[in-house]
Protein chains: 2
Amino acid sequence: MNYQIELRHFIYFLAVAEELHYRKAAEKLFISQPGLSTQIKQMEEILGTQLFVRDKKKVSLTPAGEFLKKEVEFILNHLEQTKKQVKLIGEGQLGEVRIGFLGSAMQNVVPNLLLGLKEKYPTVHTTLEELSNRAQINAILADRLDLGFVRLSRVPKGLDVRPVFEDTFSLVLPAEHPLDEKNFKNINQVADEDFILFSQDYSPMYYDTVLSICEDSGFVPNVSHKSVHAQTIFKLVENKLGIAIVPTTLQHGFQMKVKFIEMKNIKQRAVLSMVWKTDNRNPALQKCMDLLMKL
Amino acid sequence: MNYQIELRHFIYFLAVAEELHYRKAAEKLFISQPGLSTQIKQMEEILGTQLFVRDKKKVSLTPAGEFLKKEVEFILNHLEQTKKQVKLIGEGQLGEVRIGFLGSAMQNVVPNLLLGLKEKYPTVHTTLEELSNRAQINAILADRLDLGFVRLSRVPKGLDVRPVFEDTFSLVLPAEHPLDEKNFKNINQVADEDFILFSQDYSPMYYDTVLSICEDSGFVPNVSHKSVHAQTIFKLVENKLGIAIVPTTLQHGFQMKVKFIEMKNIKQRAVLSMVWKTDNRNPALQKCMDLLMKL
DNA sequence: TCTATCTGATAATTCATACTTATTGATCAT
DNA sequence: ATGATCAATAAGTATGAATTATCAGATAGA
């Protein structure tokens with residue numbers, strides 16, 4: 001007596017409302033006519049309202065039935081759409097990947113990833129945020145970020161890392177500096193100059209690597225300035241306040257009166273890695289990873 | 001194997017999505033836990049998507065489940081409303097309009113609408129609820145409300161807004177305050193006093209507008225108290241804990257020892273707007289809108 | 001006035017399946 | 001170990017949505 005409306009009722013109702021004929025509607029639904037009759041009757045009981053007028057020889061909708069027909073059409077359409085969307089999200093087709101990156105990753109890795117995503121999974125949204133190594137790690141741990149691009153060799157437990165891009169280092173000199181690509185042999189030629197480097201706590205790995213480069217040539221650099229912005233470092237070099245060693249890709253994208261000398265012969269490389277939470281189940285992230293494996 | 005989704009599934013799903021705990025959800029639904037488990041599992045099979053992650057010791061929603069939860073909330077609300085409407089129409093009524101409003105809309109706009117409706121469409125039912133801006137927007141999106149009266153300049157996609165009433169602002173002062181309509185020239189005469197305002201998150205637009213009024217007179221107000229009730233604000237003013245700036249119509253309907261000075265000369269206006277879902281098909285809402293266009 | 005033939009509604013029966021209870025396996029805390 | 005607490009699984013039950021068979025009423029053609 002005290003049943004609950006079910007979608008079945010709506011589907012049956014719509015068929016009758018369209019056909020205005022029980023037998024035909026039942027045929028269309030591949031059920032028997034008596035079954036349809038009882039279900040519609042039950043529906044009217046649940047709603048407490050007559051939906052059809054069964055006159056002699058013909059069936060028609062009451063005003064309430066007329067209204068319900070429009071609503072049912074909407075509800076069933078909406079449902080169909082929802083089912084589709086749920087499936088897509090489940091497959092990672094829709095959804096969002098929150099990406100963090102170091103400024104130096106913006107030269108090629110991140111743009112390539114975004115282009116690839118746009119092409120292969122145009123329905124995946126991305127948000128971008130430029131953050132320091134440490135800030136990215138914290139954000140990933142706190143699930144404010146899905147994917148980070150950092151220069152770190154070690155990451156906390158629960159996170160995975162994978163190198164995605166290896167870059168040589170370049171010496172950055174003022175445009176008028178006597179050294180150039182031809183007469184440059186070894187970094188110890190500038191052992192006595194002041195060095196401008198990225199801050200130690202902004203990127204410990206970078207800092208250590210640069211020190212090891214100098215060490216390999218037998219000197220300890222005199223670090224006069226530290227900064228977290230490539231822009232600032234180049235500006236300082238331009239103004240002859242020192243020289244710098246940076247990942248080579250950073251030479252693009254800035255307009256400065258400085259020259260770059262790529263140091264291909266040294267073994268150290270600037271490694272950009274991606275980091276993510278091991279148990280991150282964001283399906284859109286998986287798509288990102290697949291793509292990055294191929295870059 | 002090839003079942004059909006039913007409303008039962010949605011109701012069960014929502015319970016689990018809310019409790020994130022099968023046994024508790026089952027208790028709430030007055031069914032057994034295994035029954036619930038199998039139904040959810042079946043639902044996931046039908047949709048072809050994982051909705052919950054059953055991790056060791058805890059249940060959580062997948063992104064697809066998160067999305068579905070919002071949709072199911074909407075669908076079930078909409079269905080409940082549809083059932084009501086059908087019943088009303090069946091009884092010869094035109095249906096129901098669910099109206100939300102800010103307290104400050106109760107002075108003239110909402111009562112006028114209700115009177116007009118009662119006169120022209122006596123068969124339209126109305127329900128009223130006083131809600132904040134944000135609560136109204138959420139309720140409209142979730143189909144718990146047909147029409148809202150808010151003070152907002154922007155609304156989410158899928159909603160329409162239309163200004164319905166423009167009001168001047170009034171300065172609210174304790175009855176004994178030296179300033180009055182005659183010697184009042186400019187708001188900067190009270191620049192040094194403490195201000196009591198409606199909370200920022202209750203009505204961002206109001207807050208910004210009041211700040212801009214002060215800014216135009218060259219000062220930043222010292223906001224000592226914030227409240228969501230006009231009553232409270234007036235009481236605080238009455239007790240000389242500060243002065244306030246409110247939409248002028250609020251001066252009616254309260255018995256307080258405060259005086260209002262209407263600031264006709266400033267350009268800012270308190271705009272009350274109506275909001276509704278663009279694709280709301282409630283026929284009773286249409287009648288409401290027709291009426292409001294003429295007010 | 002008969003039939004023949006439509007309609008949808010009932011009645012009796014069948015059968016699918018949403019439930020139940022009982023149990024298991026896994027994880028945690030003590 | 002031991003017990004507590006999860007969700008999942010297994011097996012049996014019972015609800016109610018189906019079926020078939022039939023009925024009652026209306027129309028139309030002789």
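Just so we're on the same page: letters track the sequence lines, and every chain starts at 1.
The side chain of B:S37 contributes no N or O atom lying less than 4.0 Å from OP1 or OP2 of D:dA7. Put simply, A:Q42 has a side-chain N or O that comes within less than 4.0 Å of OP1 or OP2 on D:dA17. Residue B:S32 has no polar side-chain atom (N or O) positioned under 4.0 Å from OP1 or OP2 of C:dC19.
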B:E129 and B:R144: CA distance, side-chain angles, deciding distance, salt bridge (Lys or Arg N to Asp or Glu O under 4.0 Å) verdict
CA-CA 11 Å; B:E129 203 175 349; B:R144 289 195 311 274; over 6 Å; no
Check the pair A:K70, A:E73 against salt bridge (Lys or Arg N to Asp or Glu O under 4.0 Å), reporting the backbone distance first and the verdict last.
CA-CA 5 Å; A:K70 279 195 222 111; A:E73 278 165 357; over 6 Å; no
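Along DNA chain D, the nucleotide nearest B:P34 and the nucleotide nearest A:Y12 are compared for position; the residue whose nucleotide lies closer to the 5' end is B:P34.
Across all strands, A:K41 comes closer than 4.0 Å only to sugar-phosphate atoms, never to a base (heavy-atom distances). Within 4.0 Å (heavy atoms only), A:Q39 reaches sugar-phosphate atoms of the nucleic acid but no base atom.
Of all nucleotides listed (C:dA18, C:dG8, D:dC6), C:dG8 comes nearest to the side chain of A:R54.
A:R23 places its CZ atom 17 Å from the C1' atom of D:dT22, with the value rounded to the nearest Å. Taking atom CD1 of A:I40 as the reference point, atom C1' of C:dT10 lies 17 Å away to the nearest angstrom. Atom CG in B:L36 sits roughly 10 Å away from atom C1' in D:dA7 (whole-Å rounding). The nearest whole Å value for the distance from the OH atom in A:Y22 to the C1' atom in C:dC6 is 17 Å. One atom, CD of B:E6, and another, C1' of C:dC19, lie 16 Å apart when rounded to the nearest Å. Atom CG of B:L29 and atom P of D:dA7 are 13 Å apart (whole Å). Atom-to-atom, CD of A:Q33 to P of D:dT19 comes out at 11 Å; the value is rounded to the nearest Å. In this structure, A:F30 places its CZ atom 19 Å from P of C:dA16, rounding to the nearest Å.
In terms of heavy atoms, B:S227 sits closest to B:T232 at OG-CB, 3.4 Å.
Distance CD/B:Q200 to NZ/B:K226: 5.0 Å, rounded to 0.5 Å.
Ring to ring, A:F52 and A:F13 are close: their centroids are under 6.0 angstrom apart.
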